[in-house]
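I have placed the structure first, in the form of structure tokens, so that the comments after it can refer back to it.
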Number of protein chains: 2
Amino acid sequence: MPERRPRKDAARNRAAVLAAADSLFARGESVEAVTMADVAAEAGVGKATLFRAFGDRTGLIQALYAARLRPVMEAVEEGPSPLGPATPARQRVPALLDAILCFKLDNRHLALALEEAGSGGPYQAEQYDWWHHTLQAALEEIPGLPDAAFTAHALLAATRADLVEHLAGQQQMPRQQLRAHLAAYTARLLDAGGQIG
Amino acid sequence: MPERRPRKDAARNRAAVLAAADSLFARGESVEAVTMADVAAEAGVGKATLFRAFGDRTGLIQALYAARLRPVMEAVEEGPSPLGPATPARQRVPALLDAILCFKLDNRHLALALEEAGSGGPYQAEQYDWWHHTLQAALEEIPGLPDAAFTAHALLAATRADLVEHLAGQQQMPRQQLRAHLAAYTARLLDAGGQIG
DNA sequence: TGCAAAAACGGACCCCGGGTCCGTATCGTC
DNA sequence: GACGATACGGACCCGGGGTCCGTTTTTGCA
């Protein structure tokens with residue numbers, strides 16, 4: 001299936017919508033206060049165009065999220081240490097979690113919107129599966145841990161967007177402190193079973 | 001402020017609504033598919049009655065949730081070991097988490113609905129604060145752990161309703177296995193720093 | 001027991017936001 | 001420049017949360 005490329009006005013509009021949504025989401029306090037009509041207006045486009053390009057609200061949010069996430073994904077899949085695949089698991093796991101946390105801190109609105117989108121929380125967004133797979137694989141190389149799949153879920157849960165928002169947003173916890181807490185928590189889990197610093 | 005008690009028809013209707021909502025939520029697949037009008041109809045009551053009694057959708061869900069949770073809360077606050085306050089922290093923490101997990105397994109629809117209600121996830125429902133407080137206090141009595149407040153958040157995140165739903169619902173993981181995973185995870189965290197079994 | 005004020009009732013109604021329809025404008029191609 | 005294919009846009013539909021207000025029930029008091 002050749003998948004012929006879109007007309008150029010369609011491409012232009014798609015980009016405009018993406019930019020408009022990004023700007024609107026970042027501007028206001030809550031993402032859910034931004035209506036699809038708002039986005040269309042900001043982009044200077046009809047509502048139908050927006051739905052034609054992204055299917056529905058969730059689609060738009062996912063597209064934005066995926067775009068922002070791409071560089072991080074690339075860094076994880078083929079980048080240098082400590083995020084890249086050549087890193088020993090014991091260093092890579094905390095690096096992955098820190099990367100996720102930082103990403104969510106930098107993209108709070110989006111992450112929040114995505115994780116609230118539709119029902120089922122973040123667990124149906126395909127990005128979640130990817131993170132989970134990656135993290136699980138790394139965890140499996142560390143001996144003595146509980147079930148890697150569950151552990152990966154539990155660790156990822158500690159970086160849920162609404163928790164991050166609760167801590168960094170409502171409670172004003174500084175970025176560095178949050179990162180330090182998560183790092184300490186992760187270390188505690190990974191270092192159990194013998195060695196003490 | 002004497003807070004005179006409600007008229008008896010109001011009380012009866014309140015109970016009827018609660019019962020109707022409970023039944024409807026449990027019956028259907030997704031909670032969000034149940035409309036307020038549905039609940040009113042099932043209860044044999046006008047919509048306004050429903051809103052008068054509970055304020056809004058979230059209020060109704062919270063009321064249901066709180067009612068279900070009460071016995072657990074009592075068991076934690078004044079019950080016997082291992083849930084009650086007299087339990088040593090090292091045993092109480094896993095007991096608390098297991099209790100939460102079981103509760104969410106037994107009340108999946110409700111927990112899911114509550115944690116999705118409004119924005120901000122579960123972190124604005126007052127029950128969360130209560131659990132967090134309780135868990136944090138217990139954690140503080142275990143030496144060598146990372147920041148107790150953060151750890152409590154992280155552990156609670158591992159019992160998020162949508163994660164439970166994902167594992168127990170979509171992936172069909174059996175109850176006992178899920179409990180075992182969580183227990184192992186918790187144990188790993190608590191037992192770190194020296195002693196090996 | 002009778003009566004009036006207070007409290008609650010109910011369902012028609014409003015509002016707003018996601019998603020769609022279809023007549024019109026634009027693009028790409030020959 | 002002409003014609004089919006593709007995209008546009010905003011009026012429109014629909015469904016659900018939440019409210020208004022005329023009517024009914026309860027309650028407190030004589």
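Proteins come first, then strands; the chains are lettered A, B, ... in the order of their sequence lines, and each starts at number 1.
No side-chain N or O of A/Tyr128 forms a donor-acceptor pair with one of B/His166 less than 3.5 Å apart.
Between A/Leu60 and A/Leu18, the closest side-chain pair of non-hydrogen atoms falls below 4.5 Å.
Proximity note for B/Asn13 (side chain, C-beta onward) versus C/dG10, D/dT26, D/dA7: the nearest is C/dG10. You'll find that the side chain of B/Phe51 is closest to D/dT19, out of D/dT25, C/dC27, D/dT19. The side chain of A/Arg52 sits closest to D/dC8 out of D/dG18, C/dG19, D/dC8.
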**Request:** List the steps, then state whether salt bridge (charged side-chain N to carboxylate O under 4.0 Å, His left out) holds for A/Arg175 with A/Asp106.
**Result:** CA-CA 10 Å; A/Arg175 180 188 183 92; A/Asp106 293 335; 3.0 Å; yes
**Message:** Using the rule given for salt bridge (charged side-chain N to carboxylate O under 4.0 Å, His left out), can you reason through B/Glu115 versus A/Arg160, listing the C-alpha separation, both sets of side-chain angles and the distance that settles it, and then say yes or no?
**Reply:** CA-CA 13 Å; B/Glu115 296 189 10; A/Arg160 289 279 298 255; 6.0 Å; no
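Taking CG of A/Leu178 as the reference point, atom CD of A/Gln176 lies at 9.5 Å (rounded to 0.5 Å).
Listed by residue number, the members of residues 25-36 of chain B with any heavy atom below 4.0 angstrom from DNA chain D are B/Thr35, B/Met36. Applying a 4.0 Å cut-off to non-hydrogen atoms, none of the residues of residues 53-67 of chain B approaches DNA chain C. For the segment residues 39-48 of chain B, residues with any heavy atom less than 4.0 angstrom from an atom of DNA chain D are, sorted by number, B/Lys47, B/Ala48.
Regarding B/Asp9, its CG atom lies at a distance of 13 Å from the C1' atom of C/dG10, rounded to whole Å. At whole-Å resolution of the value, NZ in A/Lys8 and C1' in C/dA25 are 14 Å apart. Atom pair A/Arg12:CZ and C/dA25:C1' shows a separation of 12 Å (rounding to whole Å applied). The CZ-P distance, from A/Arg5 to D/dA7, rounds to 12 Å in whole Å.
Under a 4.0 Å N-O distance rule, the pair B/Arg57/B/Glu32 does not qualify as a salt bridge.
Between A/His153 and A/Tyr123, the ring planes are perpendicular. Angles over 60° get that label, and only those under 30° would be called parallel.
For B/Phe103 and B/Tyr65, the gap between ring centers is short of 6.0 Å.
A/Asp38 pairs by the salt bridge (charged side-chain N to carboxylate O under 4.0 Å, His left out) definition with nothing, not counting sequence neighbours.
Pairs of residues two or more places apart, or lying in two chains, never qualify as salt bridge (Lys or Arg N to Asp or Glu O under 4.0 Å) while including a residue from residues 118-134 of chain A.
Contact annotation: B/Thr49 side-chain N/O to C/dA8 OP1/OP2 distance is not under 4.0 Å.
Residue side chain B/Arg7 reaches the base of C/dA7 through a donor-acceptor N/O pair under 3.5 Å, judged by distance alone.
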Can I get a per-line list of side-chain donor-acceptor pairs under 3.5 Å for residues 69-88 of chain A, giving both atom names and the distance, sequence neighbours left out?
unit_1	atom_1	unit_2	atom_2	d
A/Glu77	OE2	A/Trp130	NE1	3.1
A/Ser81	OG	A/Thr87	OG1	2.9
A/Thr87	OG1	A/Pro82	O	3.1
A/Thr87	OG1	A/Gly84	O	2.8

